[in-house]
Structures are given as structure tokens and as C-alpha cells.
Participant: 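Pasting in a structure now, in C-alpha cells, and then I'll have a few things to ask.
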Amino acid sequence: MEPNASDIDVVLLSRPHIAVDFVGAIRKHSSAPLLYYGHDVHYLRIEDQLRMQPADKLLRAECDRVRKLEHGIWKLVDAVYYPSASETRHVREWLDGQSSTFRAHTIAAYAFDDFPEQPDANLTDRHDLVFVAGFAHPPNVDAAEWFAHEVLPLIQKRHPQIHLDLVGSNPSDAVKALHGGPVTVTGFVTDEELSARYANARVVVAPLRFGGGMKGKVIEAMRFGVPCVTTSTGVQGLEQTADFLAAADTAEEFAGHVLRLLEDDAAWRRSSAAGQAFVRASFTEDAQWSEFARELPWTMTAGEPSP
């Protein structure tokens with residue numbers, strides 16, 4: 001890095017277990033601003049999992065290790081970015097008790113420039129349910145099992161032919177075991193096939209019972225204009241969506257939201273339009289750039305970042 005240090009204007013790191021190996025070298029050889037983007041505050045996600053698995057000593061030890069790792073990185077960089085205001089608020093509260101002078105910003109996690117037009121045009125032909133996730137991730141495995149075993153049977157009482165597609169890569173053995181009857185486990189699908197599944201789905205479900213950060217699967221559903229039903233975990237960082245994004249933490253309430261969107265075309269259209277409008281307004285390149293620009297040397301006024 002040393003021969004090229006003078007050519008570096010700013011450094012952006014991500015992933016705590018990777019970032020930690022580069023901070024020292026960057027600080028030694030460069031005076032460029034050092035920024036860190038966290039996809040989520042990992043130890044908060046593990047703490048949430050511990051709420052459901054309080055006796056898991058290995059998980060608790062991992063939580064302590066990751067907390068120390070993330071706190072250490074925050075102390076060593078100039079600014080951190082997280083995709084939800086709740087995470088940024090958590091970082092700032094932690095910062096209040098430290099001597100470090102780093103700053104925390106909330107930044108849009110995604111930027112979209114294309115959206116399906118008139119997703120309700122084929123509403124009468126839309127059917128069934130989709131859950132899109134990477135199924136090597138424990139929160140997604142738990143969500144699939146809970147929905148298939150606890151929620152889906154309640155929906156089948158009124159819609160016995162309803163079908164659930166579990167769409168995503170690396171399905172675990174527990175997820176594969178759900179395949180059959182009203183459930184299909186697809187494994188990896190191409191972007192084209194994923195778009196086609198969204199174009200034909202009646203409802204997207206994101207039944208996450210623990211996890212941290214803003215959920216890309218929820219945002220993606222709104223982008224495609226497909227109403228989504230999720231949980232209090234699934235709406236983390238999406239507080240502005242309370243009027244149109246359905247959320248419930250019990251099987252009965254979750255099933256009720258799904259049934260409403262299966263049976264009420266007007267409710268479906270309202271949720272579809274509101275969700276897509278929210279993503280159009282919030283997840284743009286301009287929104288991302290405006291946050292990064294606050295820390296870039298060539299955008300600062302009088303040598304200080306914007307407040």
C-alpha cells in the first residue's frame with residue numbers, strides 16, 4: 001500500500017472481520033479519511049438471536065467477540081455508516097460514552113433505477129406466496145420453519161390450495177426437509193427467474209423472528225410492488241412504512257395479514273402502490289451520495305464535515 005498511499009483520497013471498508021485486517025496498514029501509510037460501512041450491527045443481531053436461545057453459551061461467546069470487534073473498528077475509523085436510523089442511533093449512544101471522535105451516518109442500503117410498471121395489471125392472475133432469502137443464514141432458516149409449520153396451516157384453512165415457494169441459495173437440510181406438498185424449495189435462481197416469481201406472486205412473506213439491520217428482502221418486495229407481510233424484526237429501520245407494511249409476531253396475526261392481501265384486491269393495490277413509492281423516494285443514488293459526501297475531503301466546507 002505504501003507506494004500508492006499518495007494516490008488514495010478516501011478508503012471505504014466493510015465487513016468487520018475483513019476491515020480489522022486493513023485498518024492498521026491504512027492508518028500507517030495514509031492520511032486519507034477512513035470510512036466503514038456496516039451491513040448491520042452484527043452483535044445486535046446475535047443478541048436478538050440470544051433472546052430465543054438464551055442457554056446457548058457458544059452463541060453468547062460469539063456475541064461478546066463480535067461486540068468487541070465492532071466497537072474496536074468504530075474507534076479506529078473517521079465515520080461509520082449503517083442503513084437504518086435505529087442502528088445509527090445505537091452507534092451514537094455508544095459513542096457518547098467514548099473518547100473517540102468518529103461520526104455515524106444513516107445511508108440508503110440500496111439504489112434502484114428501474115421498477116416494474118403497473119404491478120397490479122395481472123392481479124387476478126397472481127397467486128401463492130414467496131419467501132426470498134439466503135438459506136444458509138440462521139434467521140432465514142428459523143423463519144422458513146416457523147412459517148411452514150405454524151402460519152401456513154392457518155392460511156390453508158381458507159385457501160387449501162395455497163402454495164409457498166422458498167426461493168434462494170444454499171438451503172440447509174432443515175429447509176430442504178420442508179419441500180413437498182404446499183412448499184417448494186427452489187434453491188438458487190437467476191435474476192430473471194426471481195423477477196418472474198415476483199411478477200406472479202400474490203404476497204411476499206418475510207417471517208423473521210430474529211435478526212439485525214434493514215432487511216433487503218422486504219425492500220425488494222416493495223420495489224417489485226408485491227405486498228409483503230413481515231414481523232417486528234422485518235421492519236427494523238423501516239419505521240416510515242407502518243401505514244402500509246403489515247407486520248405481526250404471532251402466527252394468528254401473521255396469517256390474518258396474509259389472508260387479507262389474498263382476498264382484498266383494494267388492500268393489495270394500496271399496499272403495492274405505497275411500498276413502491278416509498279422505495280422510489282428513499283433508495284436512490286442521490287440519497288447515498290448525499291451521505292458519503294459529508295465526509296469526503298473535496299466536499300467539506302472550511303475543512304470540516306457537514307453536521
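What you see is a predicted model; the values in this text were computed from it and never measured. Note that the numbering runs from 1 along the sequence shown for the chain.
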Participant: Roughly how far, to the nearest 0.5 Å, is CD1 of Ile46 from CG of Asp56?
Facilitator: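 Output value for this atom pair is 10.5 Å.
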
Participant: Rounded to the nearest 0.5 Å, how far apart are CD of Gln118 and OG of Ser272?
Facilitator: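 Those atoms lie 10.5 Å apart.
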
Participant: Kindly say whether Leu123 contributes a backbone atom to a donor-acceptor pair with the side chain of Asp120 at under 3.5 angstrom?
Facilitator: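 No; judged by distance alone, with no hydrogens or angles, the pair does not exist.
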
Participant: Exactly one of His42, His71, Glu47 should register a side chain to side chain contact (heavy atoms under 4.5 Å, CB included) with Val66. Which one does?
Facilitator: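 Among His42, His71, Glu47, the one that satisfies the side chain to side chain contact (heavy atoms under 4.5 Å, CB included) with Val66 is His42.
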
Participant: Please tell me whether Phe224 and Val203 are part of a single hydrophobic cluster in this structure, the criterion being side-chain heavy atoms less than 4.5 Å apart.
Facilitator: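 Not linked; separate clusters.
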
Participant: Pro33 and Val10: which non-hydrogen atoms are nearest, and at how many Å?
Facilitator: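 Of all heavy-atom pairs spanning Pro33 and Val10, the closest is O-CG2, 3.5 Å.
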
Participant: Ignoring hydrogens, what is the shortest heavy-atom contact between Val91 and Ala104? Give both atom names and the distance.
Facilitator: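 Result for this residue pair: CG1-CB, 3.9 Å.
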
Participant: Do His127 and Gln161 have side-chain N/O donor and acceptor atoms under 3.5 Å apart?
Facilitator: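 There is no such pair (donor and acceptor under 3.5 Å, judged by atom type) between the side chains of His127 and Gln161.
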
Participant: Main chain of Asp191, side chain of Ser195: is a donor-acceptor contact present, judged purely on distance under 3.5 Å?
Facilitator: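 At least one qualifying donor-acceptor pair exists.
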
Participant: Could you walk me through whether Leu152 and Ile162 pass side-chain contact (heavy atoms from CB on, under 4.5 Å), step by step?
Facilitator: CA-CA 9 Å; Leu152 187 59; Ile162 198 73; 3.8 Å; yes

Participant: Following the transitive rule for hydrophobic clusters with a side-chain heavy-atom cut-off under 4.5 Å over Ile, Leu, Val, Met, Phe, Trp and Tyr, establish whether Leu129 and Leu154 coincide in one cluster.
Facilitator: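 Looking at the clustering, Leu154 is in a separate group from Leu129.
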
Participant: List in chain and number order the residues that pass ring pair (Phe, Tyr, Trp, His ring centres under 6.0 Å) with Phe135, two or more places apart in sequence or in another chain; answer none if no residue qualifies.
Facilitator: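 Here the qualifying residues are Phe131.
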
Participant: What are the two closest heavy atoms between Pro116 and Arg223, and how far apart are they?
Facilitator: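 Scanning both residues completely, I find the closest heavy atoms to be CD-O, 3.5 Å.
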
Participant: Going by heavy atoms in the side chains, are Met52 and Asp142 under 4.5 Å from each other?
Facilitator: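 Yes, at least one pair of side-chain atoms sits under 4.5 Å.
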
Participant: Are more than 12 heavy atoms from other residues, nucleotides or ligands located less than 6.0 Å from atom CD of Glu285?
Facilitator: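 Result for CD/Glu285: open.
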
Participant: Ignoring hydrogens and angles, tell me if any N or O in the side chain of Asn122 forms a donor-acceptor pair with the backbone of Ala199 under 3.5 Å.
Facilitator: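 Present.
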
Participant: Let's go through Thr233 and Lys215 carefully: what are the C-alpha distance in whole Å and the side-chain angles of both, what is the deciding distance for side-chain contact (heavy atoms from CB on, under 4.5 Å) to 0.1 Å, and is it a yes or a no?
Facilitator: CA-CA 9 Å; Thr233 296; Lys215 309 303 183 295; 3.9 Å; yes

Participant: Side-chain contact test, heavy atoms from C-beta onward, threshold under 4.5 Å: evaluate it for Phe147 versus Leu208 and give yes or no.
Facilitator: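 SC-SC contact between Phe147 and Leu208 ruled out.
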
Participant: Ring-plane angle category for Trp94 and Trp74, please: parallel below 30°, perpendicular beyond 60°, tilted otherwise.
Facilitator: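 Because their plane-to-plane angle is over 60°, the rings of Trp94 and Trp74 count as perpendicular.
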
Participant: Less than 4.5 Å apart, side chain to side chain, heavy atoms only: is that true for Val132 and Val204?
Facilitator: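 Val132 does not reach Val204 side chain to side chain.
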
Participant: Is it true that a side-chain atom of Glu150 and a backbone atom of Glu145 form a donor plus acceptor pair closer than 3.5 Å?
Facilitator: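 Not a single qualifying donor-acceptor pair exists.
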
Participant: Spell out, as yes or no, whether a donor-acceptor pair under 3.5 Å connects the side chain of Thr230 to the backbone of Ala247.
Facilitator: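 No, the answer is negative, given that no donor and acceptor are paired below the 3.5 Å cut-off.
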
Participant: Hey, what do you get for CG (Asp21) to CD1 (Ile26), rounding to the nearest 0.5 Å?
Facilitator: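 The distance works out to 10.5 Å.
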
Participant: Short question: side chain of Lys57, backbone of Ala55 - any donor-acceptor pair under 3.5 Å?
Facilitator: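 A pair under 3.5 Å: no.
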
Participant: Donor-acceptor check, side chain of Arg126 to backbone of Pro119, threshold 3.5 angstrom: yes or no?
Facilitator: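 It does hold such a pair.
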
Participant: Side chains of Leu194 and Glu220, heavy atoms from C-beta outward: is any pair under 4.5 Å?
Facilitator: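 Yes, close enough: below the 4.5 Å cut-off.
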
Participant: Counting distance only, does the side-chain N/O of Ser271 pair as donor-acceptor with the main-chain N or O of Trp268 below 3.5 Å?
Facilitator: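 Looks like no, no N/O pair under 3.5 Å.
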
Participant: Holding to side chain to side chain contact (heavy atoms under 4.5 Å, CB included), I want the full list of residues that pass it with Lys68, two or more places apart in sequence or in another chain.
Facilitator: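 Partners of Lys68 by the side chain to side chain contact (heavy atoms under 4.5 Å, CB included) criterion come out as none, since no residue qualifies.
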
Participant: Side chains of Ile8 and Val11, heavy atoms from C-beta outward: is any pair under 4.5 Å?
Facilitator: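 Heavy-atom side-chain distance check passes, below 4.5 Å.
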
Participant: About how many Å separate CD1 of Ile73 and CG of Leu13, when rounded to the nearest 0.5 Å?
Facilitator: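 Going from the CG atom of Leu13 to the CD1 atom of Ile73 covers 8.0 Å.
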
Participant: Compute the centroid of each ring, for Tyr43 and then for His90, and state whether the two points are separated by less than 6.0 Å.
Facilitator: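 When the ring centroids of Tyr43 and His90 are compared, they turn out to be within the sub-6.0 Å range.
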
Participant: Out of curiosity, does Val229 fall in the hydrophobic cluster containing Tyr198 (side-chain heavy atoms, cut-off under 4.5 Å, transitive links)?
Facilitator: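 Different clusters.
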
Participant: For the side chain of Arg27 and the backbone of Leu76, is there at least one donor-acceptor N/O pair under 3.5 Å apart?
Facilitator: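 Flag set: sc Arg27 to bb Leu76 pair under 3.5 Å.
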
Participant: Considering non-hydrogen atoms only, spot the tightest contact between Ala144 and Val175 and give its length.
Facilitator: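 What the structure gives for the nearest pair is CB-CG2, 4.5 Å.
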
Participant: Apply side-chain contact (heavy atoms from CB on, under 4.5 Å) to the pair Phe292 and Leu12, showing each step before the final yes or no.
Facilitator: CA-CA 10 Å; Phe292 277 127; Leu12 176 64; 4.1 Å; yes

Participant: To check you understand the geometry: which heavy-atom pair defines the closest contact between Asp40 and Gly212, and what is its length?
Facilitator: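 Of all heavy-atom pairs spanning Asp40 and Gly212, the closest is OD2-O, 3.3 Å.
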
Participant: Applying side chain to side chain contact (heavy atoms under 4.5 Å, CB included), name anything that partners Asp249, two or more places apart in sequence or on another chain.
Facilitator: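 Partners of Asp249 under the side chain to side chain contact (heavy atoms under 4.5 Å, CB included) test: Thr231, Ser232.
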
Participant: Is the shortest distance from a Lys or Arg side-chain nitrogen in Glu62 or Arg65 to a carboxylate oxygen in the other one below 4.0 Å?
Facilitator: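 Between Arg65 and Glu62 there is a salt bridge, with a charged N closer than 4.0 Å to a carboxylate O.
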
Participant: Does a side chain donor of either Glu87 or Ser84 reach within less than 3.5 Å of an acceptor in the other side chain?
Facilitator: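 The criterion, which ignores hydrogens and geometry beyond distance, is satisfied for Ser84 and Glu87.
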
Participant: Please write out which residues are connected to Leu245 in a hydrophobic cluster, directly or through intermediates, given that two of Ile, Leu, Val, Met, Phe, Trp, Tyr count as joined at side-chain heavy-atom separations below 4.5 angstrom.
Facilitator: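 Members alongside Leu245: Tyr110, Phe112, Phe115, Met214, Val218, Ile219, Met222, Val235, Leu238, Phe244, Phe278, Val279, Phe283.
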
Participant: Under a 3.5 Å threshold, yes or no: a donor from one side chain and an acceptor from the other, between His163 and Thr184?
Facilitator: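 Side-chain D/A pair, His163 to Thr184: present.
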
Participant: Could you list the donor-acceptor pairs under 3.5 angstrom formed between side-chain atoms of residues 253-266 and any protein atom two or more places apart in sequence or on another chain?
Facilitator:
unit_1	atom_1	unit_2	atom_2	d
Glu253	OE1	Thr250	OG1	3.3
Glu263	OE1	Arg158	NH2	2.7
Glu263	OE2	Arg158	NE	3.2
Glu263	OE2	Arg158	NH2	3.2
Glu263	OE2	His159	NE2	2.8
Asp264	OD1	Ala266	N	3.1
Asp264	OD1	Ala267	N	3.0
Asp265	OD1	Arg202	NH1	3.4
Asp265	OD1	Arg202	NH2	2.8

Participant: Answer yes when Glu291 and Arg294 have at least one side-chain N-carboxylate O distance shorter than 4.0 Å, and no when they do not.
Facilitator: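 Yes, charged N to carboxylate O under 4.0 Å.
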
Participant: When you compare the side chain of Phe210 with that of Leu50, does any pair of heavy atoms fall below 4.5 Å?
Facilitator: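 No, their side chains stay 4.5 Å or more apart.
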
Participant: Distance-only, no hydrogens or angles: does the Asn140 side chain make a donor-acceptor pair with backbone N or O of Gly134 under 3.5 Å?
Facilitator: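 A pair under 3.5 Å: yes.
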
Participant: Compare every heavy atom of Pro83 with every heavy atom of Gly38, then report the nearest pair and how far apart it is.
Facilitator: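 Reported closest heavy-atom pair: O-CD, 3.3 Å.
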
Participant: Run the side chain to side chain donor-acceptor pair (under 3.5 Å) check on Tyr82 and His105 step by step: do they pass?
Facilitator: CA-CA 7 Å; Tyr82 282 95; His105 304 291; over 6 Å; no

Participant: Regarding Asp113 and Arg280, does a basic nitrogen lie under 4.0 Å from an acidic carboxylate oxygen?
Facilitator: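 Salt bridge between Asp113 and Arg280, a charged N being under 4.0 Å from a carboxylate O: no.
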
Participant: Thinking salt bridges, do Arg45 and Asp48 make one under a 4.0 Å N-O criterion?
Facilitator: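 Looking at Arg45 and Asp48, the cut-off is not met.
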
Participant: Tell me, please, which residues at least two apart from Arg197 pass side chain to side chain contact (heavy atoms under 4.5 Å, CB included).
Facilitator: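 Side chain to side chain contact (heavy atoms under 4.5 Å, CB included) list for Arg197, sorted by chain: Asp165, Val167, Thr186, Val189, Glu193.
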
Participant: Val130 and Val205: side-chain contact (heavy atoms from CB on, under 4.5 Å), yes or no, with the steps?
Facilitator: CA-CA 6 Å; Val130 173; Val205 296; over 6 Å; no

Participant: Please confirm whether Phe102 and Tyr36 have ring centers closer than 6.0 angstrom.
Facilitator: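 When the ring centroids of Phe102 and Tyr36 are compared, they turn out to be at least 6.0 Å apart.
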
